[in-house]
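Report on the following structure.
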Amino acid sequence: MPGSCHDVTCLRQSSLWKRMHSQQQHLLFDRGQYLLGDSGYTSGERLVAAFRNAGGDKDKTDFNTCIAHVRIANEHCIGILKSRWHSLKEGRTQLKNRDENQYLVRWVRCCILQHNFLNRRRDDWTEADGPIEVEVESEMQIPDPPTPPLDERAMIARGRRRRLEVQSECLAYMRNGNGH
């Protein structure tokens, strides 16, 4: 997808989206797991989005704050990866075709895998230290499932119910002195 595409468009065109709405979703998520999205997304069973307009509602505002804290933690993780893998900072390239996109995805995956490997060894190696050698097993290929017809209204209704469940859990956690 071109860089000018909205994140929601990219998600809806991805194999992740197809799998999230197929019989294969159990391969992606354990019971109770879901993705968090900002207010640009529509909530679904496996995607919980922030409220678009909290409208002064304290519960909605607190929930959006909770999601924002998770997003910040995610941004910190990306920063840590970029500090170890300087080549990720240089990833500002125009992807002209699917092969270039796949190459970039594989590159990022390799950086993440090696980062996790080094963390397990408690090794502070960075890319500037030179090459390391590790054997990596080949990735299992899961074919894309056929795209099922989505009943948009039913999906939105399930998403709203799911968001309210997650909101309730998040607010209970925060109000018990565990959150910010």
Side-chain angles (χ1 to χ4, degrees), residues 1-20 25 27-30 32-44 46-52 54 61-134 136-142 144 159 162-163 166-167 169-170 173-174 178-180:
M1 305 288 309
S4 61
C5 281
H6 191 279
D7 294 346
V8 173
T9 303
C10 293
L11 176 63
R12 285 184 175 248
Q13 297 297 317
S14 72
S15 61
L16 171 63
W17 181 261
K18 291 174 188 170
R19 288 188 186 117
M20 284 172 58
Q25 64 177 261
L27 298 172
L28 300 171
F29 301 96
D30 290 333
Q33 288 184 326
Y34 48 87
L35 298 175
L36 288 176
D38 62 31
S39 62
Y41 292 88
T42 301
S43 289
R46 298 295 184 178
L47 175 74
V48 176
F51 289 98
R52 281 189 179 90
T61 301
D62 288 349
F63 179 69
N64 285 354
T65 300
C66 182
I67 287 180
H69 286 286
V70 174
R71 186 172 159 259
I72 290 167
N74 183 57
E75 294 295 331
H76 288 163
C77 290
I78 292 169
I80 290 167
L81 280 170
K82 286 182 174 182
S83 71
R84 175 173 266 171
W85 304 102
H86 298 272
S87 58
L88 294 177
K89 292 180 187 178
E90 301 159 9
R92 294 193 180 271
T93 182
Q94 250 188 347
L95 304 174
K96 297 176 190 90
N97 56 50
R98 187 176 186 87
D99 290 340
E100 289 180 6
N101 182 60
Q102 289 301 316
Y103 178 82
L104 184 60
V105 168
R106 286 187 190 106
W107 186 268
V108 172
R109 278 186 184 161
C110 287
C111 291
I112 292 169
L113 289 169
Q114 290 182 41
H115 175 80
N116 291 341
F117 172 79
L118 292 167
N119 279 351
R120 285 191 199 107
R121 288 184 30 193
R122 300 194 191 290
D123 192 328
D124 62 355
W125 181 92
T126 68
E127 197 172 25
D129 294 330
I132 58 170
E133 293 184 27
V134 245
V136 180
E137 293 182 27
S138 65
E139 181 182 324
M140 182 177 83
Q141 296 293 320
I142 301 172
D144 286 346
R162 181 70 171 138
R163 179 170 55 190
V166 173
Q167 177 188 17
E169 292 170 13
C170 180
Y173 181 81
M174 288 174 60
N178 298 312
H180 297 281

Between [atom1] on residue [X] and [atom2] on residue [Y], distance to nearest 0.5 Å:
| X | Y | atom1 | atom2 | result |
| --- | --- | --- | --- | --- |
| Q114 | C110 | CD | SG | 6.5 Å |
| D99 | L104 | CG | CG | 12.5 Å |
| R12 | T9 | CZ | OG1 | 8.5 Å |
| M20 | S14 | CE | OG | 8.0 Å |
| Q167 | R162 | CD | CZ | 13.0 Å |
| S87 | K82 | OG | NZ | 11.0 Å |

Least distance between heavy atoms, [X] atom then [Y] atom:
| X | Y | value |
| --- | --- | --- |
| M174 | C66 | SD-CB, 3.7 Å |
| I67 | G37 | CG2-O, 4.2 Å |
| L47 | L36 | CD1-C, 4.3 Å |
| L11 | W17 | O-CB, 2.9 Å |
| Y34 | V48 | CD1-CG2, 3.8 Å |

**Report entry** Exam field: side chain R52 to backbone S39, donor-acceptor pair closer than 3.5 Å
**Finding:** yes
Query raised in the report: Judged by atom type as modelled, is there a donor-acceptor pair below 3.5 Å linking the side chain of R46 to the main-chain atoms of L35?
Result: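 No, R46 side chain to L35 backbone: no donor-acceptor pair under 3.5 Å.
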Do [X] and [Y] come close enough that some side-chain heavy atom pair is under 4.5 Å?
| X | Y | answer |
| --- | --- | --- |
| W107 | L88 | yes |
| I78 | N74 | yes |
| R84 | I80 | no |

**Report entry** Those residues that, when tested against F51, pass ring-ring contact (aromatic ring centres under 6.0 Å, His included) (two or more places apart)
**Finding:** F63
Query raised in the report: Above 12 or not: heavy atoms from other molecules or residues under 6.0 Å from CZ of F29?
Result: yes
